[in-house]
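Not measured: the values here are computed from a predicted model. Chain A is the first sequence line, chain B the second, and so forth, proteins listed ahead of strands; every chain is numbered from 1. Keep in mind that the numbers below use all heavy atoms, side chains included, and drop hydrogens, waters and symmetry copies.
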Protein chains: 2
Amino acid sequence: MTRILVVEDDLALADVLAFTLRRAGFEVDLAHDGRTALALFLKEKPDLIVLDWTIPNMDGLEVCTRVRTESNTPIIMLTVRNADEDVIAALDAGADEYVTKPFSLRQLIARIRSLLRRTIGEPQGMLNAGPLSLDVERREARWGDERPPIHLTRLEMRLLMALLQNADRVMTTESLITRVWGPEGATHEMLKQLIYRLRNKIEPEPGAPTLIETIPHVGYVLNTPANHRK
Amino acid sequence: MTRILVVEDDLALADVLAFTLRRAGFEVDLAHDGRTALALFLKEKPDLIVLDWTIPNMDGLEVCTRVRTESNTPIIMLTVRNADEDVIAALDAGADEYVTKPFSLRQLIARIRSLLRRTIGEPQGMLNAGPLSLDVERREARWGDERPPIHLTRLEMRLLMALLQNADRVMTTESLITRVWGPEGATHEMLKQLIYRLRNKIEPEPGAPTLIETIPHVGYVLNTPANHRK
DNA sequence: CAGACCGGTAACATATCGGTAACAAATCTA
DNA sequence: TAGATTTGTTACCGATATGTTACCGGTCTG
C-alpha cells in the first residue's frame, strides 16, 4: 500500500486532502507542523510527501531539506506563493513538484501518481530499457521481438523493476533489498541468489555485453545498450 | 554534457529557449515537429525533453507516449492549455512536468535542473581533473575517452577523491590518512601501499608527466595537466 | 663515509565478496 | 493431497581488498 505523508496546518484543508487521497486508495499520515512531520517521516517512511510551505515549527523548505538528507522520497510542495524565487528555492531544496493554492484535487492526484510512477514504480503496465521490455501484469520479460517471453517470479519481477526504473544508475545492495523485500529487509545472501537467478533468465547469451553489471562492494546497475560506451 | 531536446514549432520561442538553455550550460537539439522530434530523440538520446503540446506532425502527447515506450527520459510538457483534463492527460502519457505558457525561463530552468537531479543523479557523482574523471557511484576512473574504465576499490576511491578535491595543492600524509581511514587513523605504511596501488592503476604510461607527485617528507599532490610546473 | 630515514616495490596472509550449486522449506496449483 | 514452482539456507570456490612485513636504493646528516 502506498503511503503518503500530508503536512498541512490548515486543518480544514488537511482533512479534505486526507479524505480525497484515502478515497483514491492511498494510506495517509497527517502532520500539522514541521517537527512532527519530520518525526512521522522517519517513523513511517512514506512513499511521497505533500508539504505545505508555511507551517509552524520549521517551515516546509527546511523540512524539505532535512528529508533530502535522508532519502529521495518525492516531495510535492504546496503553497500560495508562486514568485519565481520561491519556486526556485523549493526546487533547489529538493522538492519535485510545486503546486500553488488554490489547486485542483484531481490535478494534485494526477501529479502524485506521476511522481510515484517515476520513483516507486506504481501501476504501469510496461517498463522498458532498450531491447528488454517488462510486462508487469503478466510478469514476463521479452527480448525485443525475440521468442518466447520469459516468465518471472514475483521477487524477480520486483528486482527487475527496481533496476529498470533506475536504468544506468547504480543501485546499492541495501536499496535493492528494500525495494524487493520491503523495509524489513532481508539477507545479502538472498539478494545474491535472486540476482543470480534473474541473470540466468534474462542475461543475453555469452558474447554480448552484460545487462546487469556488478559494482563490487556497492551494488548493481542495469545497463541500457545506449549508454554502453565501454 | 547534458543534452536537452527542445520541441517547439514557434520558431521565435524555440530560439529563445535554445539560447537560454545553452547559456545555462546544456547542449540543445531543436525540432519543430513531432516526427523529427522522435527521430532526433532516437538518434541523440537526450537526457531530457522539453516538449510543446501543439506541434505539426503528431502532437506532443503522442510523441510523449512514443518516447515512453523506448525509455523513461524525463519530459517537460509545454502548453497554453491548463484545464485539468489536459494536465491529467499529459501526466498519464508519461510527462514528468507540465508547464503552461507563458512561463518564466528561470523557473523552467529550475524545473529542468530538479528533474535532472532526480533522474541523472545527484550533483555529486562526477569529479574530474583534466583528462581524468571519476565516477563516484560506480567507483571507476576514466581516462578521457580511452577504454576501459578502471575499477577502484573503496580505499583507492577515497584517496583519489581527497587528492582530486585538492588538486594542485599539497596534501600532508596525515590529512590523507584521516581522509581515507577516518580520525582513528592508520599506519604510514598503509598509505604508502595505497598510493602505490593507486598509481599502478591510474598513472599514465611511463613517458608522460606523473599525475601523483611525491613531496618528500610532506605528502603528495595531484597535478592537473594545466598547472604543470616542473 | 656510514647509518638513519624515507619512499617505492614486492611477496605474502587473511578476510571478505560475489558467483555457483545443491538442497530444504514454503507456497502454489491442479 | 501430490507434484511443481518459488524462495530461503548453506556450502564451496575463486577473485579481490587490504593489511603486514621485508627489501632496496636514494638522500640527508653528522
Determine, stepwise, if the pair Leu108(A) / Leu17(A) fulfils side-chain contact (heavy atoms from CB on, under 4.5 Å). CA-CA 10 Å; Leu108(A) 182 65; Leu17(A) 281 175; 3.6 Å; yes
Can Glu174(A) and His188(A) be counted as having a side-chain donor-acceptor contact under 3.5 angstrom? yes
Distance, rounded to the nearest Å, where Lys201(B) contributes NZ and dG8(C) contributes P: 18 Å
Spacing of Met190(B) atom CE relative to dG8(C) atom P, expressed in whole Å: 17 Å
Rounded to the Å, how far apart are Arg139(B) CZ and dC17(C) P? 12 Å
Of Asp29(A), Ile49(A), Leu21(A), the residue whose pairing with Val6(A) passes side-chain contact (heavy atoms from CB on, under 4.5 Å): Leu21(A)
Contact list (N/O, under 3.5 angstrom) for nucleotides 27-29 of chain C vs protein:
none

With Ala24(B) via side-chain contact (heavy atoms from CB on, under 4.5 Å) - residues at least two apart: Phe26(B), Ile109(B), Arg113(B)
Exercise: do Arg158(B) and Thr153(B) side chains pair donor with acceptor under 3.5 Å: no
CA sep, side-chain torsions, deciding dist, call: Tyr220(A), Ile195(A), side-chain contact (heavy atoms from CB on, under 4.5 Å): CA-CA 9 Å; Tyr220(A) 298 86; Ile195(A) 289 274; 3.8 Å; yes
Could you check His151(B) against Arg139(B) for side-chain contact (heavy atoms from CB on, under 4.5 Å), going step by step and ending with a plain yes or no? CA-CA 6 Å; His151(B) 178 85; Arg139(B) 295 243 185 99; 4.0 Å; yes
Checking all strands, does Leu155(A) fall into the base, sugar-phosphate, or nothing category for heavy-atom contacts under 4.0 angstrom? sugar-phosphate
More than 12 heavy atoms of other groups within 6.0 Å of Lys43(B) NZ: no
Roughly, in whole Å, what's the span from CG in Leu191(B) to C1' in dC6(C)? 13 Å
Check every nucleotide of DNA chain D for an atom under 4.0 Å from a heavy-atom of chain A, then give the first and the last such nucleotide from 5' to 3'. dT6(D) to dA17(D)
Can Val7(A) and Val63(A) be said to form a side-chain contact (heavy atoms from CB on, under 4.5 Å), step by step? CA-CA 10 Å; Val7(A) 189; Val63(A) 174; 5.8 Å; no
Angle by which the axis turns from one end of the helix from dC1(C)-dG30(D) to dA30(C)-dT1(D) to the other, five pairs per end, to 10 degrees: 20°
Can you work out whether Thr187(A) or Thr187(B) has the more 5'-proximal nearest nucleotide on DNA chain D? Thr187(A)
Please check if any side-chain donor atom of Thr172(A) sits under 3.5 Å from a side-chain acceptor atom of Ser175(A), or the reverse. yes
Just call it for His188(B): base, sugar-phosphate, or nothing, with non-hydrogen atoms closer than 4.0 Å on any strand. nothing
Please name all residues satisfying salt bridge (charged side-chain N to carboxylate O under 4.0 Å, His left out) with Arg22(B), sequence neighbours left out, ordered by chain then number. none
State the CG-CE distance between Leu222(B) and Met171(B), to the nearest 0.5 angstrom. 10.5 Å
Do NZ/NE/NH1/NH2 and the carboxylate oxygens of Glu156(A) and Lys201(A) come within less than 4.0 Å? yes
Collect all protein-nucleotide pairs involving nucleotides 19-24 of chain C in which both atoms are nitrogen or oxygen and the distance is under 3.5 Å.
residue : atom : partner   : partner atom : Å
dG19(C) : OP1  : Arg199(A) : NH1          : 2.6
dG19(C) : OP1  : Thr214(A) : OG1          : 2.8
dG19(C) : OP2  : Tyr220(A) : OH           : 3.1
dG19(C) : O6   : Lys192(A) : NZ           : 2.9
dA21(C) : OP2  : Tyr196(A) : OH           : 2.7
dA21(C) : N6   : Gln193(A) : NE2          : 2.2

